[in-house]
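Input: a single structure, listed below in structure tokens.
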Amino acid sequence: QYTLRDVLEARYGTEEADRIFYEAGFLAGKNFCERFVGRRESFNDFVEGVQRALLDLKIGLLRMESEDRENARFTLTMAEDLDCSGLPDMGHAVCTYDEGFIAGMFKVFAGRDFDVKEIDCWSTGDRTCRFEVKPKSAS
Ligand SMILES: [Zn+2]
């Protein structure tokens, strides 16, 4: 993945490369959710299904850290994932693909668009990746 990123960045610039990773992650998250989680009635059920499928497929450990359901804002962490676990501190978060992946899963469950931003990462010196999820239109 990192050599793919190098080539995309060299050809299209960092911003466009990020968009490509986000969109590819989004597609993967959407397909993953449709195939391995399926339709869920409640949010708890959805989160449980996602955690179980991520674990079964050895993709990573997802934890819901905080949730504000009224405003549809969530903070979740992803540990032991393949994206960046073990990477050195590079001063910026690198899990753009995961951001898109999470946005894709939320889209399947909620039927609306969310913005997902990684705020902590192995590559910013943390030991887990932490993501903020909020409705797309909100700031
Ligand atoms: Zn990360």
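Count residues from 1 along the sequence. Whatever order the structure lists them in is the order used to number ligands and atoms, beginning at 1.
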What angle, to the nearest 10°, do the atoms SG (Cys129) and SG (Cys121) form about the Zn ion (ligand 1)?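 Angle SG(Cys129)-the Zn ion (ligand 1)-SG(Cys121): 130°, rounded to 10°.
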The SG(Cys95)-the Zn ion (ligand 1)-SG(Cys84) angle, to 10°, is 80°
Regarding Arg5 and the six-membered ring of Phe21, is the cationic atom NZ or CZ under 6.0 Å from the ring centre and inside 45° of its axis? yes
Verdict with supporting geometry, Phe114 and Lys107, side chain to side chain contact (heavy atoms under 4.5 Å, CB included): CA-CA 7 Å; Phe114 287 84; Lys107 169 84 178 182; 5.9 Å; no
In Glu118, what N, O or S atom is nearest to the Zn ion (ligand 1), if we give its atom name? OE2
Could you check whether atom CD of Glu65 has more than 12 heavy atoms from other residues, nucleotides or ligands sitting under 6.0 Å from it?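 Above 12, so yes.
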Would one find more than 12 heavy atoms of other residues, nucleotides or ligands at under 6.0 Å from atom CD of Glu16?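 Atom CD in Glu16 is crowded, with more than 12 foreign heavy atoms closer than 6.0 Å.
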